[in-house]
Amino acid sequence: MELERTLSIIKPNAVKENHIGEIITLFEQNDLKVKQLRMIKLDKHIATQFYNEHIGKGFFQELLDFMLSGEVVVLMLEGEGAIARYRTLMGATNPNNADEGTLRALFGSKSDLTQNAVHGSDCVASAKRELGLFF
């Protein structure tokens, strides 16, 4: 496998519920090294750039409002096959469908799909674009 870098965002609900340390521990236990980390409050401009592929979709405003509702932690993760490894660790987008032990099953809201605890880049091109917004 190739050494890769990917973006992780620990979303406002997981930050507010004090799950940052638990999530980082799971990264490390899954051979994902934290190369950079920042806690920030997203502004509307960056959040809109980040989610630009969702503009015009029915859930866009709700997602934007949620991501602007509190602090987030953005991380650069590195490891062999980091993108696929992290996507497996995240679990299904809907926490109700996520496998036991995945981040979204452990820390995502079962009643609000938007509050699924974490984001991760879906491919090399997305990782490069997303990492460039924050690091």
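Index from 1, following the sequence. Just so it is clear, the structure is predicted and the values come from calculations on it, not from any experiment. Because only heavy atoms are used, hydrogens play no part in the values below, and waters and symmetry mates are left out as well, while side chains stay in.
- Both Val34 and Met90 sit in one connected hydrophobic cluster of ILVMFWY residues. Membership requires side-chain heavy atoms under 4.5 Å apart, directly or through other members.
- Between His54 and Phe60, the ring center distance fails the sub-6.0 Å criterion.
- Taking the side chain as every heavy atom from C-beta outward, Leu77 and Leu7 never approach each other to under 4.5 Å.
- A distance of 12.5 Å separates CZ of Phe134 from CG of Leu37, quoted to the nearest 0.5 Å.
- Considering CG of Asp99 and CG of Leu89, their distance stands at 11.5 Å, rounded to 0.5 Å.
- Under the salt bridge (charged side-chain N to carboxylate O under 4.0 Å, His left out) criterion, the residue pairs touching residues 72-82 are Arg5-Glu78, Lys35-Glu78, with sequence neighbours excluded.
- Distance check, rounded to the nearest 0.5 Å: CE of Met76 to NZ of Lys33 gives 14.5 Å.
- Interatomic distance, Leu64 CG to Tyr51 OH, rounded to the nearest 0.5 Å: 9.0 Å.
- By the 30° and 60° cut-offs, the orientation of the rings of His19 relative to Phe107 is tilted.
- Sorted by first then second residue, the salt bridge (charged side-chain N to carboxylate O under 4.0 Å, His left out) pairs that include residues 104-132, not counting sequence neighbours, are Glu53-Arg129.
- Listed for the Asn52 side chain is no donor-acceptor partner under 3.5 Å among the backbone atoms of Thr48.
- The shortest non-hydrogen separation linking Ser69 to Pro12 is OG-CB, 3.7 Å.
- Put simply, the side chain of Asn94 gets close to the backbone of Asn96: a donor and an acceptor are under 3.5 Å apart.
- Expressed to the nearest 0.5 Å, how far CD of Glu17 lies from CD of Glu22 amounts to 10.0 Å.
- Across every non-hydrogen atom of Asn30 and Arg85, the tightest pair is O-CD, 2.8 Å.
- Following chains of ILVMFWY side-chain contacts shorter than 4.5 Å, one can reach Ile46 starting from Ile40, so the two form part of one hydrophobic cluster.
- Checking side-chain atoms of Ser121 against main-chain N and O of Cys123 turns up no donor-acceptor pair under 3.5 Å.
- Remark: Glu28 CD to Ile23 CD1 distance equals 12.5 Å, nearest 0.5 Å.
- The two residues Val118 and Ile10 have their closest heavy-atom pair at CG1-CA, 4.4 Å.
- Atom NZ of Lys57 has more than 12 neighbouring heavy atoms from other residues, nucleotides or ligands inside a 6.0 Å radius.
- Phe50 and Ile55 end up in the same hydrophobic cluster when Ile, Leu, Val, Met, Phe, Trp and Tyr side chains are linked at under 4.5 Å.
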